[in-house]
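Reading through the structure tokens given below for one structure.
Counting starts at 1 for both ligands and their atoms, in listed order. For the single chain, residues carry numbers from 1 onward in sequence order.
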Amino acid sequence: MKHLLKLADLTREEILSVLNLADQLKYERQNGVFTPHLKGKKLGMIFQKSSTRTRVSFEVGMYELGGYALFLSNRDLQIGRGEPVEDTARVLSRYLDGIMIRTFEQKEVEDLAKYGSIPIINGLTDYCHPCQVLADLMTIREYKGAFKGLKLCFIGDGNNMANSLMVGAVKTGMKFSIACPAGYEPDAALTAWAKKEGEFFMTDDPAEAAKDADIVYTDVWASMGQEGEKEKRERAFKGFCVDGKVMAAAKKDAIVQHCLPAHRGEEITADVFEAHAKEIFDEAENRLHAQKAVLAKLLK
Ligand code: CP
Ligand code: NVA
């Protein structure tokens, strides 16, 4: 494992190895133990989009590992004024030990890795969100004990979350179902891969997708960068909501996951959100532990 550009690049064993280290780091932290795996290491964090969880968990994670994190906003970097990614990658590689980047195009992340000489971590693109799904898998294993045979259901937009969850589910032996409106399906190449490698089911009926699910997952109807489509999407996604009806179709002990931020009354009702708040905020906490494991593996 040299980079974390997308989850599809990792083998099942690499994913499990990250999750095992994440569990260990979480346990150590709960007991006040902070091993300086990354003493003196420096991580650059480039943000071309907003963030609460990713920014804070990476920054705190580097601090707890004995390293240092620099917040690099698009508004301040020359990249925001058109300096090519290939030059930025080569310059930052001379100063830093790793880069985490949140941006729009997946190609920008891949190009940083291609032209730079340090590990690159994808902190979300329009295409995928691998750090989030590692935290989600960690949470699912905490609640369910193992992955094999579980059913993970996603309700909503076939977006970056759906793409990464599909890969994470198939790689860990879970069934994956998605309910989305026509025209908002996940990536076609990933869907073809998931059908071939695992158990994949797609429908436009949320309750059908949620039938006997162990995990019910949802995300916003309009992602960052899609603010201009908000009204069109509100019409298209009406009814694609994790509500009492969806939860009644899922298993009785199903957990709910949401990458956050959440829009109550849109993709999830306030009732379902609050009834499953413990799982959702455990999931948010696990961003810290899962990313510390990724950082320790890539930057050490
Ligand atoms: N889930 C997630 O990535 O949250 P932020 O956008 O706050 O980083
Ligand atoms: N799909 C959302 C996820 C946010 C963590 C977005 O890209 O805005």
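A 4.5 Å side-chain heavy-atom check between D219 and F154 finds at least one atom pair inside the cut-off.
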Verdict with supporting geometry, I121 and C131, side chain to side chain contact (heavy atoms under 4.5 Å, CB included): CA-CA 8 Å; I121 300 170; C131 291; 3.7 Å; yes
Does ligand 2 have any N/O atom under 3.5 Å from a protein N/O, and what are those pairs and their distances?
residue, atom, partner, partner atom, Å
ligand 2, 1 (N), N159, ND2, 3.4
ligand 2, 1 (N), N160, OD1, 2.8
ligand 2, 1 (N), D219, OD2, 2.6
ligand 2, 1 (N), S223, OG, 2.7
ligand 2, 7 (O), N160, ND2, 2.8
ligand 2, 7 (O), S223, OG, 3.4
ligand 2, 8 (O), M224, N, 2.8

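Using modelled atom types and a 3.5 Å distance limit, the side chains of Q106 and N122 yield a donor-acceptor pair. Checking T191 against E185 by side-chain atom types alone, no donor-acceptor pair falls below 3.5 Å.
Heavy atoms only, all atoms of each residue included: K175 and G149 are closest at NZ-O, 3.6 Å.
Scanning the protein for heavy atoms near atom 4 (O) of ligand 1, the closest one is R53 NE, 2.8 Å. From the protein, the heavy atom lying nearest to atom 2 (C) of ligand 1 is R287 NH1, 3.2 Å. The protein heavy-atom contact nearest to atom 6 (O) of ligand 1 is R102 NH1, 2.8 Å. Of the protein's heavy atoms, T52 N, 2.6 Å lies nearest to atom 7 (O) of ligand 1.
A search for ring pair (Phe, Tyr, Trp, His ring centres under 6.0 Å) contacts involving F47 returns F71, not counting sequence neighbours.
Salt bridge annotation for E234-K230: present, with a cationic side-chain nitrogen under 4.0 angstrom from a carboxylate oxygen.
Atoms of ligand 1 lying under 4.0 Å from at least one heavy atom of H129, given by number and element, are 2 (C), 3 (O).
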Please tabulate, for side-chain N and O atoms in residues 135-143, each donor-acceptor pair with protein atoms closer than 3.5 Å (sequence neighbours left out).
residue, atom, partner, partner atom, Å
D136, OD1, Q132, NE2, 2.8
D136, OD1, Y217, OH, 3.4
D136, OD2, Y217, OH, 2.7
T139, OG1, A135, O, 2.7
T139, OG1, N286, ND2, 3.0
R141, NH1, N20, OD1, 3.1
R141, NH2, N20, OD1, 2.8
R141, NH2, D23, OD2, 2.9
E142, OE1, K26, NZ, 3.4
E142, OE1, N286, ND2, 3.2
E142, OE2, K26, NZ, 2.8
Y143, OH, D282, OD2, 2.5

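By the criterion of a heavy-atom distance under 4.0 Å, the backbone of L260, and not its side chain, is placed next to ligand 1. At a heavy-atom cutoff of 4.0 Å, ligand 1 is contacted by no atom of K49, backbone or side chain. In R55, neither the side chain nor the backbone holds a heavy atom less than 4.0 Å from any atom of ligand 1.
Between C259 and ligand 1, at least one N/O pair is under 3.5 Å apart.
Grouped with M224 in one hydrophobic cluster are L124, the linkage being side-chain heavy-atom contacts under 4.5 Å among Ile, Leu, Val, Met, Phe, Trp and Tyr residues.
For the pair E208 (side chain) and T203 (backbone), a donor-acceptor distance under 3.5 Å is absent.
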